[in-house]
Protein chains: 2
Amino acid sequence: MSLEHVLLGMLREPASGYDLRKSFEEESRHFWSAELSQIYPALKRMMERGWLVCDAAPSERGPKRRVYERTHEGTSALESWLRQEPVEGRDRIAYIAQLIFLGELDDGVATTRFVESLHRHFKSKLTLLESALDEMLTSVDGNIDALDATGFHEYLSLQMGIAAYSARVDSSAESLALVAERYTGVVKND
Amino acid sequence: MSLEHVLLGMLREPASGYDLRKSFEEESRHFWSAELSQIYPALKRMMERGWLVCDAAPSERGPKRRVYERTHEGTSALESWLRQEPVEGRDRIAYIAQLIFLGELDDGVATTRFVESLHRHFKSKLTLLESALDEMLTSVDGNIDALDATGFHEYLSLQMGIAAYSARVDSSAESLALVAERYTGVVKND
DNA sequence: ATGACCATGTAATCCGTTACATGATTCG
DNA sequence: CGAATCATGTAACGGATTACATGGTCAT
């Protein structure tokens with residue numbers, strides 16, 4: 001049950017459900033996301049459990065906002081989640097299943113197309129993460145020590161994401177070469 | 001709705017629900033898994049849809065087995081899934097959320113412990129994948145060209161997994177050094 | 001006025017996990 | 001006799017997506 005803890009973590013500053021969904025889309029897209037229809041009931045439950053308090057606030061335009069704030073109990077619930085072991089999600093990687101079962105077709109063109117598409121996808125994901133890192137680093141003139149604790153931890157997580165995607169970019173390119181070699185007899189000389 | 005396509009892919013040979021769960025546990029653990037309570041109804045739906053036929057078979061011990069086999073329709077449903085674009089699952093990586101929100105604690109010990117634990121976890125995952133690759137390679141005396149099409153595609157998928165986990169192992173080690181530097185002032189000389 | 005954005009929510013449905021229910025065989 | 005393994009399922013619950021429902025403001 002991680003969503004509620006993620007919401008707690010995002011509530012450094014008081015925010016409404018609508019705000020939180022925007023944060024998911026703008027900042028946290030690379031590690032978590034949730035729809036409003038999931039966020040609103042979650043906030044309600046968390047309030048009933050005493051993790052949040054809710055404050056009505058007027059809005060510039062549109063209906064009145066409900067702004068949520070962490071209580072001490074909420075903060076300590078977050079802290080005990082953070083001090084747990086890393087939470088591992090289940091691996092359900094459909095594209096790996098597809099790649100394996102493509103073996104049955106034994107069709108070089110199909111496999112090539114597939115791996116090319118994977119490669120493009122990994123590259124675009126990598127670009128996103130890299131530009132987030134760039135932005136963060138230019139904001140402190142390339143000096144990591146100038147980051148505050150939150151910035152530093154964000155930096156670590158971006159590094160890990162970049163490393164993982166960069167490896168995937170490279171290995172999909174290598175796979176492409178192997179596929180070409182196997183199905184067309186072309187051998188790259190290096 | 002990928003589970004049913006994954007089951008189709010695994011039904012190269014006729015198999016029962018029980019067999020399929022064993023395959024998930026023994027072979028496919030690193031990219032997919034499912035419980036019997038999910039598999040049995042899925043097989044039933046697939047049969048009603050005409051993707052499978054079911055044959056009753058006696059068993060060595062225990063109740064009689066229901067062995068499922070792909071129909072032409074099932075095979076072509078699989079094929080059109082394989083010829084789609086790679087299916088990307090949504091990213092919900094709880095441990096990245098934890099790492100980022102640990103910034104709020106600003107506690108070097110907590111972050112160190114966390115990243116160490118991540119590192120261990122990545123390493124053990126990597127070891128699993130590497131031994132699967134080893135096993136596959138020794139079965140053909142290190143000669144990739146001797147793999148059949150299915151083996152070759154499995155090889156590609158293992159390579160990608162290994163690359164991704166190996167990058168994570170390295171980057172978590174680097175993170176550990178950065179954390180030590182930031183929180184204890186110790187600088188590694190290289 | 002039409003559409004984009006602000007802002008809240010509920011309901012139906014789907015996918016997955018855990019727990020329950022049943023019963024035969026084999027090994028220690 | 002009890003535990004493990006073979007083998008089939010259903011039911012209850014929880015988490016996530018999609019669709020539905022409502023209504024205000026602002027810019028074109």
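Naming: A, B, ... by sequence-line order, numbering from 1 per chain. Remember, predicted model here, so these are calculated numbers, not experimental data.
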Original post:
Do any side-chain nitrogens or oxygens of B:Arg66 fall under 4.0 Å of OP1 or OP2 in D:dG9?
Top reply: yes
**OP:** Determine: side-chain N/O of A:Tyr40 to OP1/OP2 of C:dG9, distance under 4.0 Å, yes or no.
**Re:** no
Subject >> Atom-to-atom span, CE of A:Met1 to C1' of C:dG16 - whole angstrom >> reply: 16 Å
**OP:** Measure the distance from CE on B:Met47 to P on D:dT8 and round it to the nearest whole Å.
**Re:** 13 Å
Original post:
Does B:Gln38 put a side-chain nitrogen or oxygen below 4.0 Å from OP1 or OP2 of C:dC15?
Top reply: no
Subject >> A:Leu3 vs B:Lys44, nearer the 5' end of DNA chain D by closest nucleotide >> reply: B:Lys44
**OP:** Compute both the distance and the angle, then confirm whether B:Arg168 meets the cation-pi test with B:Tyr165: under 6.0 Å from the six-membered ring centre, within 45 degrees of the axis.
**Re:** yes
Original post:
Can you check whether A:Lys22 has a side-chain N or O nearer than 4.0 Å to OP1 or OP2 of C:dC6?
Top reply: yes
Original post:
Is the phosphate of C:dG9, meaning OP1 or OP2, less than 4.0 Å from a side-chain N or O of A:Arg65?
Top reply: no
**OP:** Check the distance between C:dT8's P and A:Asp55's CG and give it to me in whole angstrom.
**Re:** 13 Å
Subject >> Least distance between heavy atoms, B:Leu8 atom then B:Ala77 atom >> reply: CD1-CB, 4.1 Å
Subject >> Distance in angstrom units between A:Leu36 CG and D:dT17 C1', rounded >> reply: 13 Å
Subject >> Separation of C:dC15 P from B:Glu4 CD (nearest whole Å) >> reply: 7 Å
Subject >> Closest contact, heavy atoms only, B:Met10 versus B:Ser28 >> reply: CE-OG, 3.8 Å
Original post:
Should the pair A:Arg66 and A:Tyr68 be classed as cation-pi, given the thresholds of under 6.0 Å to the six-membered ring centre and 45° from the axis?
Top reply: no
**OP:** Name the residue closer to the 5' end of DNA chain C, choosing between A:Pro58 and B:Ser33 according to the nucleotide with the nearest heavy atom.
**Re:** A:Pro58
**OP:** Would you indicate what A:Arg92 reaches in the nucleic acid, counting non-hydrogen atoms under 4.0 angstrom: base, sugar-phosphate, or nothing?
**Re:** sugar-phosphate
**OP:** Check the distance between D:dC6's C1' and B:Leu20's CG and give it to me in whole angstrom.
**Re:** 15 Å
Original post:
Atom OH of B:Tyr18 and atom P of C:dT25: how far apart are they, to the nearest Å?
Top reply: 15 Å
Original post:
Once you round it to whole Å, what is the distance between P of D:dG15 and CZ of B:Arg90?
Top reply: 14 Å
Subject >> N-O pairing of A:Glu104 and B:Arg70 below 4.0 Å >> reply: yes
Subject >> Pairwise 5' ranking along DNA chain D for B:Arg21 and A:Glu35, keeping only the more 5' one >> reply: B:Arg21
Original post:
Contact class for B:Ser16 vs. all strands (heavy atom < 4.0 Å): base, sugar-phosphate, or nothing?
Top reply: sugar-phosphate
